[in-house]
Amino acid sequence: MTTLPSYPVHWDHKTVLAALEDIFGEGAASLTGADAVRLWDVNWTPMEAEVKELPYAKPFNGANASILLNQRSKLSAKVALVGAGTAAAPCWDRFLRAAGATRAQVVATPAATIAATAVKVSGAGAFTYARAAAYGGVHPAMATLTCTTGGGSGVAAFTVSAPALGSDAAYAQTGQIMTTASPFVLPGGATITPSAIGTPFATGDVFTIGLIPAGCTYTPSSNRARHKSLEVVLTLPDPEDDAKVQRWRMLGGRCSIKGSGTADDYPYLEIEITADYAAPALVAAVEPDFAAWPDPLVVGTGNTPLARLFGHDVVLESFGWDAGNTVEHVSRVNRKGARINDAKASFTAKIEAPSMASVDFFALCTSRAFGEFLIQHGPTAGSAVVIHTNRWQLDAPKPGESKKDFMFDLSGKAVPISEGGDWSIFASTAAA
């Protein structure tokens, strides 16, 4: 007679590991504790399948034997929406790329974040420079250098300016002397070292220098060949073998994904992974390592410095973004697996109703205008995430209330005019 286990498995004592596959459906190169993912509200279905009964006729009642078709696994969970810290990419990078997004990366170096040359807007002066210290802002910026005192090295003086956006404060410094081989400071902590002044400057000369924030920018891709896939492993203690854990694998995982944030709560990405089913096994435990996972910041005035809709700053209670992925598991001869068959992105925001003299969202809706949706959460380089589209088209605004305040629930879709132009999500990186 089989002996009952001495204790039940504790559901909360699970570990989830996830890493991108090199080849679809063949698993990651390796999974270590550093591949552990910090999740909450985990819901897991180890096997879904269609049941197909054999259609035999027989001279009595009862079921026929059946088989399981299109076997697959699903896992849904929430993951904190946080910046990249000092890492090359944010901890949720693997999920967004398995949801059909591509990544463009800017490293936190002077050469990557400062334009190689200045653009002359007007005047006769000319100079070259070396890039000395990286730009530390969250948003792209254009530094404008306006000559206020003409001359050459050690004489020419400039006003250096850049507009404010989100947590990047307006920058305006007057009387900055340009001297070759000496630091010349730009907005966001960026620094250049002028190497030569080819033509002396005259008062009124204007130059611009582009500044790009360090981090990763994600945009959707319609090219299936660029869609990444995941191996996901969930482990649970085994009730009879203390030395091992039950390992449940998911191969060829693809994601649907959406994000949301509400005032005085943690913002998160909500993922649902569909993958091929793989048989469980007893294996040695992997100790999770969450050192690379920063804690989230609650949504609020201090932590969420920018909420802008159709070019107007708004008082925001909540926001949402949905990539709108249609993920389906398809089974055919010589091909099976999860794939992303469509993606129609949408955005939502709940705001205090503004003055119609400022912005009329009903007029914007009925005119079918396209406008900006721009949220920055996280106040500094490394903590900031910026969600953005320029092509938000509103559905009918819904009036409501919150704590007796008149509110609008705004929703609408992103309508791209070119591939990948639906939306972008930027995760900021701080210099190490």
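Nothing here was measured: the structure is a model prediction, and the numbers come from that model. In this chain, residues are counted from 1 in sequence order.
- For the pair Phe373/Ile375, a side-chain contact is recorded, criterion being any heavy-atom separation below 4.5 Å from C-beta on.
- In this structure, the side chains of Leu234 and Leu75 come closer than 4.5 Å at one or more pairs of heavy atoms.
- Using a 4.5 Å heavy-atom threshold, the side chains of Thr219 and Thr102 count as touching.
- Between Lys78 and Glu270 there is no salt bridge, since no side-chain nitrogen of the basic residue lies less than 4.0 Å from a carboxylate oxygen of the acidic one.
- A salt bridge does not link Asp238 to Lys244: none of the charged nitrogens lies less than 4.0 Å from a carboxylate oxygen.
- Between Thr128 and Ser195, the side chains place a donor N or O and an acceptor N or O closer than 3.5 Å (distance only, hydrogens not considered).
- One finds the NZ atom of Lys228 at 10.5 Å from the OG atom of Ser221 (value rounded to the nearest 0.5 Å).
- A distance of 8.5 Å separates CG of Leu394 from OG of Ser367, quoted to the nearest 0.5 Å.
- To the nearest 0.5 Å, the span separating CZ on Arg308 from CG on Asp313 amounts to 4.5 Å.
- The closest side-chain donor-acceptor pair between Glu372 and Thr389, if any, does not fall under 3.5 angstrom.
- By the side-chain contact (heavy atoms from CB on, under 4.5 Å) test, Thr274 is found to be paired with Lys74, Val327, His329, Ala338, residues two or more places apart in sequence or in another chain being considered.
- Using a 4.5 Å heavy-atom threshold, the side chains of Ile273 and Phe95 count as touching.
- Aromatic ring orientation, Trp293 versus Phe290: perpendicular (interplanar angle above 60°, classes split at 30° and 60°).
- With contacts defined as side-chain heavy-atom distances shorter than 4.5 Å, the pair Ser383/Leu297 qualifies.
- Taking the side chain as every heavy atom from C-beta outward, Leu309 and Ile351 approach each other to under 4.5 Å.
- Annotation: side chain of Leu306 is in contact with side chain of Leu165 (closest heavy-atom distance under 4.5 Å).
- Considering every non-hydrogen atom in both Pro288 and Ala36, the closest pair reads CB-CB, 3.5 Å.
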Just do the side chain to side chain contact (heavy atoms under 4.5 Å, CB included) check on Val415 and Phe370 with the steps written out, would you?
-> CA-CA 8 Å; Val415 183; Phe370 298 106; 3.6 Å; yes

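- Contact annotation: the side chain of Val286 never approaches that of Thr235 to less than 4.5 Å [non-hydrogen atoms, C-beta and beyond].
- In this structure, SG in Cys365 is found 7.0 Å from CG in Asp395, a value given to the nearest 0.5 Å.
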Residue pair Leu186, Ile209: steps toward the side chain to side chain contact (heavy atoms under 4.5 Å, CB included) verdict | CA-CA 9 Å; Leu186 302 175; Ile209 299 176; 4.2 Å; yes

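- Taken to the nearest 0.5 Å, the OG atom of Ser256 stands 9.0 Å off from the CD1 atom of Ile340.
- The residue from Arg72, Arg339, Lys336 that alone fulfils the salt bridge (charged side-chain N to carboxylate O under 4.0 Å, His left out) condition with Asp276 is Lys336.
- Considering all non-hydrogen atoms of both residues, Phe361 and Pro354 come closest at CE1-CG, 3.7 Å.
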Going through the distances and angles, do Leu145 and Phe127 end up as a side chain to side chain contact (heavy atoms under 4.5 Å, CB included)?
-> CA-CA 12 Å; Leu145 283 62; Phe127 72 108; 4.3 Å; yes

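- Within the structure, every pair that satisfies the ring-ring contact (aromatic ring centres under 6.0 Å, His included) test and touches residues 218-273, not counting sequence neighbours, is listed here: Trp44-Trp248, Trp92-Tyr218.
- Under the ring-ring contact (aromatic ring centres under 6.0 Å, His included) criterion, no residue pair touches residues 163-191, with sequence neighbours excluded.
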Begin from the C-alpha positions of Phe408 and Phe362 and carry the test ring-ring contact (aromatic ring centres under 6.0 Å, His included) through to its verdict.
-> CA-CA 10 Å; Phe408 283 161; Phe362 286 86; 5.6 Å; yes

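- Taken from OG in Ser346 to NZ in Lys413, the straight-line distance is 10.5 Å, to the nearest 0.5 Å.
- Closest non-hydrogen pair, Ser222 versus Glu419, comes out as N-OE2, 2.5 Å.
- Comment: Asp422 does not engage Arg391 in a salt bridge, judged by the lack of any side-chain N to carboxylate O separation of less than 4.0 angstrom.
- Smallest separation of non-hydrogen atoms from Ile212 and Ala112: CB-O, 4.2 Å.
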Between Arg97 and Leu20, is a side chain to side chain contact (heavy atoms under 4.5 Å, CB included) present by the stated rule, with each step listed?
-> CA-CA 9 Å; Arg97 295 175 73 191; Leu20 294 174; 3.5 Å; yes

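- Checked for salt-bridge contact, Arg249 and Glu231 meet the test: a charged N lies under 4.0 Å from a carboxylate O.
- The shortest heavy-atom contact between Tyr277 and Pro46 is CD1-O, 3.2 Å.
- Trp392 pairs in a side-chain contact (heavy atoms from CB on, under 4.5 Å) with only one of the listed residues (Leu364, Leu374, Leu410), which is Leu410.
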